[in-house]
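Worksheet: one structure, shown below.
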Amino acid sequence: MLGIVCLAICGLIFIYGIFIDTNFRIIFSEGILAYLTAEKKTIVELFMTAVSLAIAAVPEGLPAVVTICLALGMQQMIRAMP
């Protein structure tokens with residue numbers, strides 16, 4: 001669940017960055033392909049930022065995931081006791 005939330009946030013940051021820097025004049029006059037060609041460097045940088053955020057979230061979320069897994073395992077062990 002935490003991984004899905006992390007990926008969703010990284011995707012939203014990527015999309016937000018694209019919409020903030022979008023030059024609609026190029027899109028409407030020359031087309032989306034011309035915009036992608038002109039802004040290729042910016043789009044790659046935004047993608048790298050989103051991937052970096054996803055990778056950086058792994059060590060941050062690891063203690064929470066381990067704690068939750070251990071707590072759930074303990075609950076199952078208590079239920080299994082006679």
Side-chain angles (χ1 to χ4, degrees):
M1 180 83 163
L2 291 174
I4 293 170
V5 171
C6 174
L7 290 176
I9 290 172
C10 291
L12 288 174
I13 289 172
F14 177 72
I15 292 170
Y16 176 75
I18 287 177
F19 281 124
I20 288 298
D21 292 335
T22 300
N23 188 353
F24 289 107
R25 192 175 327 150
I26 294 173
I27 292 174
F28 291 131
S29 65
E30 300 175 22
I32 190 83
L33 189 58
Y35 171 74
L36 292 176
T37 304
E39 298 292 329
K40 183 173 28 173
K41 183 177 179 182
T42 305
I43 292 171
V44 170
E45 287 177 3
L46 284 170
F47 181 74
M48 294 300 286
T49 301
V51 170
S52 299
L53 286 172
I55 291 170
V58 171
E60 297 293 328
L62 193 59
V65 171
V66 170
T67 303
I68 291 169
C69 289
L70 289 174
L72 292 174
M74 184 185 68
Q75 286 179 347
Q76 290 179 354
M77 288 172 50
I78 289 173
R79 286 188 200 132
M81 289 181 66

Considering only distance and modelled atom types, tabulate donor-acceptor pairs under 3.5 Å from the side chains of residues 73-82, sequence neighbours left out.
none

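The only member of Thr67, Ile68, Val66, Leu72 that meets side-chain contact (heavy atoms from CB on, under 4.5 Å) when paired with Leu70 is Val66. Looking at Leu12, Ile20, Ile13 one by one, the single match for side-chain contact (heavy atoms from CB on, under 4.5 Å) with Tyr16 turns out to be Ile20. The side-chain contact (heavy atoms from CB on, under 4.5 Å) with Cys10 is formed by just one residue from the set Ile55, Thr49, Leu53; it is Leu53.
You'll find the side chain of Ile43 stays beyond 4.5 Å of the side chain of Phe47, heavy atoms only.
In this structure, Leu33 places its CG atom where only 12 or fewer heavy-atom neighbours from other residues, nucleotides or ligands lie under 6.0 Å away. Annotation for Ile4: atom CD1 does not count as buried by contact number, only 12 or fewer foreign heavy atoms lying within 6.0 Å.
Taken together through direct or relayed side-chain contacts under 4.5 Å among Ile, Leu, Val, Met, Phe, Trp and Tyr, Val51 and Leu46 form part of one hydrophobic cluster.
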